2 protein chains.
Amino acid sequence: MNVRTLCLAILYFGDATGYEIKKLSMEGKYSHFVDASFGSIYPALNRLESAELVTCREEIQPGKPARKVYSITEAGKQEFLKALSEPPKEDVFRSEFLLIAICAEIVGPEHISRALDIRMDQLRKDIEHFRTMLDGQIQGATKWTIKYGLTCFEASLAYLENERHELEQIAASATREAAE
Amino acid sequence: MNVRTLCLAILYFGDATGYEIKKLSMEGKYSHFVDASFGSIYPALNRLESAELVTCREEIQPGKPARKVYSITEAGKQEFLKALSEPPKEDVFRSEFLLIAICAEIVGPEHISRALDIRMDQLRKDIEHFRTMLDGQIQGATKWTIKYGLTCFEASLAYLENERHELEQIAASATREAAE
DNA sequence: ACCCTTCTATATCAAATCGATATATGCCGG
DNA sequence: CCGGCATATATCGATTTGATATAGAAGGGT
């Protein structure tokens, strides 16, 4: 999924500035399955404007930097629906934590415990964020999608809570053997 | 996690060619949490060789293209252990499927059903792959890591199996309302 | 009063990475 | 005997990341 489609998706449901698109993709209902940096959003919006899939109006505020508010055009909506109707590409999952975990035999138990702590804290924070969103006025497909994320993250955290000691033992045993 | 660290990780546990690194990262025990293209692996190996973190020997076979087999050096091992000991960055999850799901109200029920079918097929294939790997001679941290992936993917599939009809109903209702 | 951090908001740029393409041979099944 | 697949290299334009720069408002702490 490219940044172009992400911008169209967010603009489909309402006007936004580049900054707001970034914020929505990091904190909003899209946050657990998309991401994009400023360095890709601003060029993407310029390309979309050139292709007339979005329009831009500048809101000039005295003393403040101008807000560039983007709106999707009819052609942009068509383009977005076309992109959505294509079969989805495989989900992508990248985990530095699991690279550390799979190397438990060589990194030492303290590092494993710290990596587990960090990852579990992240998961708890994300789960709390999901719960907060569900307490709001979320409905329909958005609610379904957030509950999906919540379910996956809870399963992940449960595994770590139940099985972390096993990985820590593997790391400890390997360290002991190396010392012999 | 950059391709550089991925190459060092794979070479830490044994010599490999660029092609084999790609294959391991797609089909092996790393497959569910890393990925890299040839376009990033070959330049990364060249950079690692320049930095003397790996060495390369060419195995020339008459009539066949030469195999470039890379080995990690002592400095490379130190560098890899150093990279592992840094706190892990947040896991990354990107899903085109969930972008379609969150747009259930606007894409139409057939597209939703098809996207669900595709995603569930992928998950079943991945789960089967995990099971096959666990039937082999997998042990220790690798087994723990694969079981983690299996648990997460099973939870994901279970949610889709139990709740897909709800999303399909949301899509169907929205289409009916739009027709009025 | 002053400083420091955070938030809003823009944008650029080198470096890394993706995804497609090119090339060449061996091997297996139809 | 042909087509497709696996092995194996490599390049290249386009995209994306991650860091950095700029700048005013707003708020908290000392």
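Quick note on labels: first sequence line is chain A, next is B, and so on, each numbered from 1. Keep in mind that the numbers below use all heavy atoms, side chains included, and drop hydrogens, waters and symmetry copies. Here the structure is a predicted model, which means the values were calculated and not measured.
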Quiz prompt | Residue whose nearest DNA chain D nucleotide is more 5′ - B/Lys89 or B/Gly39 | solution =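 Its nucleotide being nearer the 5' end, the pick is B/Gly39.
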
Output the rounded distance in Å from [atom1] ([X]) to [atom2] ([N]).
X       : N      : atom1 : atom2 : value
A/Leu45 : C/dA9  : CG    : P     : 14 Å
B/Met26 : D/dA8  : CE    : P     : 16 Å
B/Ile41 : D/dT7  : CD1   : P     : 14 Å
B/Leu24 : D/dA6  : CG    : C1'   : 15 Å
A/Asp35 : C/dC18 : CG    : C1'   : 16 Å
B/Phe38 : C/dA22 : CZ    : C1'   : 13 Å
A/Glu49 : C/dA11 : CD    : C1'   : 15 Å
A/Arg94 : D/dT16 : CZ    : P     : 16 Å

Practice problem: Determine, using the 4.5 Å side-chain heavy-atom cutoff (strictly less than), whether A/Leu53 and A/Phe13 are members of one ILVMFWY cluster. | Solution: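 The answer is yes; both residues are in one hydrophobic cluster.
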
[X] side chain, from C-beta outward: closest of [options]:
X       : options               : answer
B/Tyr19 : D/dA10, C/dT10, D/dA6 : D/dA6
B/Arg47 : D/dT9, D/dT16, C/dT17 : C/dT17
B/Ala36 : C/dC18, D/dA8, C/dT10 : C/dC18
A/Lys23 : C/dT10, C/dT8, D/dT7  : C/dT8
B/Lys68 : C/dC18, D/dA6, D/dA10 : D/dA10
B/Ser37 : C/dC18, C/dA9, D/dT17 : C/dC18
B/Val3  : C/dT17, D/dA10, C/dA9 : C/dT17

On the nucleotide [N], are OP1 or OP2 found under 4.0 Å from the side-chain N or O atoms that [X] carries?
X       : N      : result
A/Thr17 : C/dT8  : no
A/Ser40 : D/dT15 : no
A/Tyr42 : C/dT10 : yes

Practice problem: Establish, yes or no, whether the cationic atom of B/Lys143 lies under 6.0 Å from the six-membered ring centre of B/Tyr148 and within 45° of the ring axis. | Solution: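 No; the conditions do not both hold, so B/Lys143 does not lie above the ring face of B/Tyr148.
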
Quiz prompt | Any A/Leu160 side-chain heavy atom under 4.5 Å of A/Phe97 side chain | solution =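 In contact.
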
Practice problem: Only one of A/Lys147, A/Arg124, A/Arg131 passes salt bridge (Lys or Arg N to Asp or Glu O under 4.0 Å) with A/Glu154; say which it is. | Solution: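 When A/Lys147, A/Arg124, A/Arg131 are each tested with A/Glu154, the salt bridge (Lys or Arg N to Asp or Glu O under 4.0 Å) holds only for A/Arg131.
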
Quiz prompt | Pairing of A/Asp91 and B/Arg94 as salt bridge, 4.0 angstrom limit | solution =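 A salt bridge is absent here (no side-chain N lies under 4.0 Å from a carboxylate O).
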
